[in-house]
Amino acid sequence: MQLFFIYKSNNDGFFIKESNNVYYNKHSLINYLNCLCLSNGSTLKGRIGSVKYLLKIIQKPPILISLNKNIILLPIYSIYGSETLMFNYYMIDNYKIISENCTRIYFINGEYEDFNFNYRILNKQIVRIKNYLSKLLL
């Protein structure tokens, strides 16, 4: 599975972008994330707790699903909100500012897409995950 990003725009399910396919899941995003975590050795609460503890952060912690499967989710908005957007760290090749509230993300498969959020949010999340991985892997 090459999970690129997850997008939820209301309380009725969410979309998952994998490679060249987009899937709709009508179930709870939190349950889906918890199942991903459980199938890789921990709960969602445990993954979030680890990041919060090691990085001393409260909001929007990155979610390490699996290092072996290259899945670390970087939330742009809270995963508990009605609108959620999160990217898999390992699928991002590059990113740049298009405008103040528009960020272009280049994925490792050569595709790119523009998203309506400030570049600084993604940049902050990438710095966080690099710090987390350095603390976790030492």
Side-chain angles (χ1 to χ4, degrees):
M1 165 171 85
Q2 284 193 312
L3 174 66
F4 282 75
F5 63 87
I6 296 174
Y7 174 69
K8 179 178 93 166
S9 63
N10 58 43
N11 292 323
D12 299 326
F14 56 94
F15 294 92
I16 302 166
K17 167 84 167 139
E18 291 180 359
S19 301
N20 296 321
N21 299 308
V22 177
Y23 302 99
Y24 177 74
N25 188 317
K26 64 180 180 176
H27 301 290
S28 161
L29 175 62
I30 300 304
N31 287 343
Y32 173 78
L33 293 175
N34 195 46
C35 287
L36 279 178
C37 290
L38 285 170
S39 66
N40 288 284
S42 182
T43 63
L44 177 61
K45 185 177 180 180
R47 299 287 189 190
I48 289 173
S50 174
V51 173
K52 285 182 172 184
Y53 173 77
L54 289 174
L55 296 183
K56 310 287 189 255
I57 61 172
I58 297 171
Q59 295 182 336
K60 298 182 280 188
I63 304 166
L64 189 157
I65 303 293
S66 172
L67 287 175
N68 291 335
K69 296 177 185 173
N70 294 334
I71 305 173
I72 300 176
L73 299 177
L74 305 175
I76 301 303
Y77 310 112
S78 169
I79 63 171
Y80 303 105
S82 61
E83 182 176 8
T84 301
L85 177 61
M86 60 185 78
F87 298 95
N88 184 354
Y89 170 72
Y90 288 107
M91 296 298 124
I92 297 173
D93 183 44
N94 202 354
Y95 54 100
K96 71 176 187 176
I97 301 169
I98 299 301
S99 67
E100 185 175 340
N101 287 315
C102 185
T103 301
R104 178 169 291 164
I105 299 180
Y106 297 90
F107 296 101
I108 62 167
N109 65 352
E111 295 179 14
Y112 68 87
E113 195 163 334
D114 294 344
F115 295 91
N116 291 323
F117 65 86
N118 192 291
Y119 166 90
R120 292 176 302 187
I121 299 170
L122 180 61
N123 198 56
K124 182 177 183 178
Q125 291 295 72
I126 288 176
V127 168
R128 281 179 167 178
I129 200 57
K130 286 179 180 179
N131 289 339
Y132 178 68
L133 289 173
S134 70
K135 290 179 181 200
L136 189 66
L137 299 174
L138 288 180

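In this chain, residues are counted from 1 in sequence order. Computed from heavy atoms alone, side chains included, the values below leave out hydrogens, waters and symmetry copies.
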Please test S9 against E83 for side chain to side chain donor-acceptor pair (under 3.5 Å), starting from the C-alpha separation and ending with a verdict. CA-CA 4 Å; S9 63; E83 182 176 8; over 6 Å; no

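The structure places CG of L73 at 12.5 Å from CZ of F5, a figure rounded to the nearest 0.5 Å. Between L38 atom CG and I65 atom CD1 the span is 10.0 Å, to the nearest 0.5 Å. Distance check: L3 CG to S66 OG gives 11.5 Å after rounding to the nearest 0.5 Å. For the atom pair OH of Y77 and CD of Q59, the computed distance is 14.0 Å after rounding to the nearest 0.5 Å. Between L67 atom CG and N70 atom CG the span is 8.0 Å, to the nearest 0.5 Å. To the nearest 0.5 Å, the span separating CG on N118 from NZ on K124 amounts to 11.5 Å.
Looking only at side-chain heavy atoms (C-beta outward), L133 and L64 come within less than 4.5 Å of each other. A 4.5 Å side-chain heavy-atom check between Q125 and V127 finds every atom pair outside the cut-off. Within the 4.5 Å cutoff, no side-chain heavy atoms of M91 are placed close to those of I105. A 4.5 Å side-chain heavy-atom check between L55 and R128 finds at least one atom pair inside the cut-off. Between Y23 and E18, some side-chain heavy-atom pair lies under the 4.5 Å cut-off. Contact check for I72 versus I63: no side-chain heavy atoms found under the 4.5 Å cut-off.
Chaining together hydrophobic side chains whose heavy atoms lie under 4.5 Å apart places Y112 alongside Y106.
Summarising the local packing, NZ of K56 is surrounded by more than 12 heavy atoms from other residues, nucleotides or ligands at distances under 6.0 Å.
Applying the ring-ring contact (aromatic ring centres under 6.0 Å, His included) rule to Y53 yields no partners; only residues at least two apart in sequence or on another chain are considered.
For I79 against I30, the heavy-atom pair with the smallest separation is O-CD1, 3.6 Å. The two residues P75 and P62 come nearest to each other via the heavy atoms CD-CA, 3.9 Å.
Among Y89, F87, Y119, F107, the one residue that satisfies the ring pair (Phe, Tyr, Trp, His ring centres under 6.0 Å) test with Y95 is Y119.
Distance alone, capped at 3.5 Å, places no donor-acceptor pair between the S50 side chain and the R47 backbone. A donor-acceptor pair under 3.5 Å links the side-chain atoms of T103 to the main chain of F117, judged by distance alone.
Note: Y32 and F14 have tilted aromatic rings, judged against thresholds of 30 and 60 degrees for the angle between ring planes.
The stretch residues 99-119 participates, sequence neighbours left out, in these salt bridge (charged side-chain N to carboxylate O under 4.0 Å, His left out) pairs: K17-E111, R104-D114.
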